[in-house]
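Every chain is numbered from 1, with letters handed out A, B, ... down the list of sequences. Note that this is a predicted model, so its numbers are computed, not measured.
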Amino acid sequence: MPELPEVETVRRTLEPKILKRRILDTEVHYPRLLQNCTESELVSYLQSRRFVKLDRRGKYLIAVLDSGSRLVLHLRMTGRLTALPSGLPLEKHTSLQIHMDGDLELRLVDQRKFATLHLLHESGYGAIKGLATMGVEPLDSGFTPEYLKAQLEGRTASVKSVILDQRRIGGLGNIYADESLYRAGIFPGKPGGSLTFDEIQRLHTSIRAVIREGIRFRGTTFRDYVDGDGKSGGFQERLQVYGKEGETCRGCGRPIARIKLAGRSSYYCAYCQV
DNA sequence: CTTGGTTCCTGCGTGC
DNA sequence: TGCACGCAGGAACCAA
C-alpha cells in the first residue's frame, strides 16, 4: 500500500530516469484507469512530449510535461510504477506503458485496478477532489502539535480514522498510522477529541519520525510495493505492530492485537497503548 | 458539518 | 484436492 514514504521513494527513483526523454508511444491496457480523458486523447497528447518534473503531493504523483500539463497518478493499494529497460515481458495486470527514447519504459502494473490517472491541462487541482482538499503533510512546516490538536478537537471518531483522513493529514495510510500510534502509546480506537495535549505532542512527534524513517528506509514492502527501479523497500524490517497480530510486543512481551476501525485492520498492543 | 457503510477489483486464506 | 466464499484496502460517494 503506497503511502507517503513509498510514493516519495518512487518519485525519487523515477525522476532522474524519466526527465528529458521523449515519449515515443503510449499503450493503455486498462482504460478505466483514465479518469478524465479517453485513451486516444492520452496517447495523442503524450506523443513526442517530455516530462520536466516529477512531484508528489500526499500519495499523488504529479508528472509535469513540457507543455505545462500534468499527469496525476494515484497508486491506491497495489499500483506499481517503474521505469525499466523496454521490452521486458508484460506482467499480468499491466495497466499502462509509456515507451520513451533511450530504451526506457514507464510502466504501471496494478493488480486490483484501483489506481487512477488524470490528465490536467489547467492550473490547480480542482478536477481532483482528493488533491484539492489535501491536508497538511507530516513533514510540512505547518504540521505542528497545534495543527494536530485542531484536527482532533471535538472528534468522536477514533484517533486513527482522524489521522487517516487525507483532508486533515496528507499522505498517512494504514501502516504508518498504526506504527505512529504504537510509538506514541495511544490506543487507535480512542476518540480523537479525548486526547490530552501531551498525547497529541507524542503523536505529532511519532508521526513525523515514522514518516521520516519510512522514507529513509525506502518504504515498506508488505506485499506489492516496489520503487521506480522495481526494488523492494526496507521499512518492513522496522515495523513494530503492523501485520503482527499474535506476535510479541517489543515493549512488554504481550501479544499484538488486531481490531477493525473504520473498516481497516488496526494492529496495536493492548498493554502499551491506552 | 460529521460519521459510518458501500463500492471498486483480484488473489489469497479458510473451511467444508 | 477442489471449490465457494469472505476478506483486504484508499478514497469517492451516499445516507443519516
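- Between the OG1 atom in A:Thr220 and the CD atom in A:Glu179 there is a gap of 8.0 Å [rounded to 0.5 Å].
- Salt bridge status for A:Glu153 with A:Lys149: present, with a side-chain N to carboxylate O gap under 4.0 Å.
- A side-chain contact (heavy atoms from CB on, under 4.5 Å) with A:Leu54 is found for one member of A:Lys17, A:Arg12, A:Glu15 and no other, namely A:Glu15.
- Between the CE atom of A:Met134 and the P atom of C:dG10 there is a distance of 14 Å, rounded to whole Å.
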Using a cutoff of under 3.5 Å, can you pull out all pairs of nitrogen or oxygen atoms linking the protein to nucleotides 8-12 of chain B, with atom names and distances?
from	atom 1	to	atom 2	distance (Å)
B:dC8	O3'	A:Arg32	NH2	3.4
B:dC9	OP1	A:Arg32	NH1	2.1
B:dC9	OP1	A:Arg32	NH2	3.0
B:dC9	O4'	A:Arg112	O	3.3
B:dT10	O3'	A:His93	NE2	3.2
B:dG11	OP1	A:Lys92	NZ	3.1
B:dG11	OP1	A:His93	NE2	2.7
B:dG11	O4'	A:Gln111	OE1	3.4

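- Regarding A:Leu261, its CG atom lies at a distance of 13 Å from the P atom of C:dG10, rounded to whole Å.
- Distance check: A:Ser180 OG to A:Lys160 NZ gives 10.5 Å after rounding to the nearest 0.5 Å.
- Under a cut-off of 6.0 angstrom, the local environment of CZ in A:Phe197 is crowded, with over 12 non-hydrogen atoms contributed by other residues, nucleotides or ligands.
- When the side-chain nitrogen and oxygen atoms of A:Thr156 are compared with OP1 and OP2 of B:dT3, one or more of them lie within a distance under 4.0 Å.
- Rounded to whole Å, the distance from CD on A:Gln151 to P on B:dC1 is 13 Å.
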Quick one: what's the B/S/- string for nucleotides 11-16 of chain C, heavy-atom cutoff under 4.0 Å, read 5' to 3'? BSS---
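- A salt bridge is defined here as a Lys NZ or Arg NE, NH1 or NH2 lying under 4.0 Å from an Asp or Glu carboxylate O, and A:Arg57 with A:Glu137 meets this definition.
- Nucleic acid contact for A:Ser265: sugar-phosphate only, since backbone atoms but no base atoms lie under 4.0 Å from a heavy atom of the residue.
- Taking atom NZ on A:Lys260 and atom P on B:dT3, their separation rounds to 20 Å, with Å as the unit.
- Close placement of the A:Phe235 and A:Tyr176 rings is indicated, their centers lying within 6.0 Å of each other.
- Taking atom CG of residue A:Asp165 and atom P of nucleotide B:dT3, one finds them 9 Å apart after rounding to whole Å.
- Among A:Val72, A:Leu71, A:Leu81, A:Leu117, the single residue meeting the side-chain contact (heavy atoms from CB on, under 4.5 Å) criterion with A:Leu61 is A:Leu81.
- One finds a salt bridge joining A:Glu8 and A:Arg11 here, because a Lys/Arg side-chain nitrogen approaches an Asp/Glu carboxylate oxygen to under 4.0 Å.
- Remark: A:Tyr242 is not in phosphate contact with C:dA8, judged by side-chain N or O atoms under 4.0 Å from OP1 or OP2.
- With rounding to whole Å, A:Glu245 atom CD is found 14 Å from C:dC7 atom P.
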